[in-house]
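Atoms within a ligand are numbered from 1 in the order they appear, just like the ligands themselves.
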Amino acid sequence: MKKVSVIGAGNVGATAVYHIARLNLAEVVVVDVVEGLPQAKAMDFAHTAPGRGFGVSVKGTNDYADIEASDVVVMTAGIARKPGMDRMDLLKTNVNIAKSAAQAIAKYAPDSIVIAVTNPLDVIAMVMLRETKFPWQRVVGMAGVLDSTRFRYFIAEQLDVWPGDVEAMVLGGHGDSMVPLTSFASVGGFPIQELMDAETIERLVERTRKGGGEIVNYLKSGSAYYAPGASAARMVEAVLRGESALIPASAHLDGQYGYKNIFLGVPVRLGSGGIEEVLDLELSSEEKAALDKSAAAVEEGVKTLESIYTPG
Ligand SMILES: NC(=O)c1ccc[n+]([C@@H]2O[C@H](COP(=O)([O-])OP(=O)(O)OC[C@H]3O[C@@H](n4cnc5c(N)ncnc54)[C@H](O)[C@@H]3O)[C@@H](O)[C@H]2O)c1
């Protein structure tokens, strides 16, 4: 039986645990610093097993040693946004949480694949890579699956079609300058340009970019978690089933798309070894310009990181 550990038993972590267990993907360990919280949530999930038809064990703990020999570790620990906050505002607090989690992962689960979720995503993924000292293929950020699923949903809602029939990809950093690729979006094989006008497409693109913020403004005390947790579990599934799934994810780039030494959302193949390939898509000049803008925002974040971060 494979083993997945989820760091952080908060809203996103708990939702990811539920989906991983429900799919019988692996035995699950969930770690949090708050005493009793991961134990309570693990127990509560386990009680859904008979009705939901899963049999894997779900254990809650406050001890990082329990993540030992995990195949995959999902990092969700850290503070979330409140109204008026940018994802970058979370950096100072979350860097230190990411550092301690990454060091524990390197110690107890040295062969694992790390899926970073904590925000600001593309910068925290960099901290996870540096602190684990894992090869780049084994540290991947979750954002593109979520942002794409939002874009797909908005297209489906607009056209009143089955959401699963909509294909679309969002690249770039996980911030308001993310890049929903309109030229690659389709419904049942039809390009969306055949189904709606340019103004409507632009409105859906903008709504996708601000999709997380729209939920933060309603919630007031935190950020989205159902779709983020499900998206992280989708990536765990692709790894454990060795799918070589073609999905967008934040990867450490070394010259691809013209960027070096930053994490950025790009199309990858995700499988049992982590990132098996970064796919080079031919982007339109407009899309490439938007990706440049998004990469510049991530580079700014990395600059801020360098000013507050001392490697462990
Ligand atoms: N990448 C994405 O697309 C995406 C989407 C949604 C949320 N997020 C981010 O995910 C993170 C979690 O969001 P949430 O809504 O679950 O927040 P939350 O506050 O509900 O949960 C965070 C949990 O982390 C725990 N924690 C803090 N320090 C820890 C440590 N050192 N070790 C273990 N656990 C620790 C807290 O006790 C808390 O239970 C936030 O940073 C949020 O911005 C990312």
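At least one heavy atom of Ala224 sits less than 4.0 Å from an atom of ligand 1.
Between Glu237 and Arg241 there is a salt bridge, since at least one side-chain N of the basic residue sits less than 4.0 Å from a carboxylate O of the acidic one.
Protein heavy atom in closest approach to atom 35 (C) of ligand 1: Ala77 CB, 3.4 Å. For atom 12 (C) of ligand 1, the closest heavy atom belonging to the protein is Thr76 O, 3.0 Å. Residue, atom and distance of the protein heavy atom nearest to atom 40 (C) of ligand 1 are Ile79 O, 3.1 Å. With hydrogens left out, the protein atom closest to atom 43 (O) of ligand 1 is Asn119 ND2, 2.9 Å, a heavy atom. Nearest protein heavy-atom contact of atom 25 (C) of ligand 1 is Asp32 OD2, 3.1 Å. When only non-hydrogen protein atoms are considered, atom 20 (O) of ligand 1 lies nearest to Asn11 N, 2.9 Å. Of all protein heavy atoms, the one lying nearest to atom 33 (C) of ligand 1 is Tyr64 OH, 3.5 Å. Of the protein's non-hydrogen atoms, the one nearest atom 44 (C) of ligand 1 is Val117 O, 2.9 Å.
Taking any N or O of Val12, backbone or side chain, at least one lies under 3.5 Å from an N or O belonging to ligand 1.
Under 4.0 angstrom from ligand 1, the non-hydrogen atoms of Met142 come from both its backbone and its side chain.
Ring-plane geometry between Tyr18 and Phe54 is classed as perpendicular, the angle between the planes exceeding 60 degrees on a 0 to 90 degree scale with a lower cut at 30.
Summarising the geometry of Arg81 relative to Arg87, their closest heavy-atom pair is NH2-NH2, 3.2 Å, with the distance given to 0.1 Å.
Tested against Gln39, the residues Asp44, Asn62, Thr61 include a single side-chain hydrogen bond (donor to acceptor under 3.5 Å, both in side chains) partner, Asn62.
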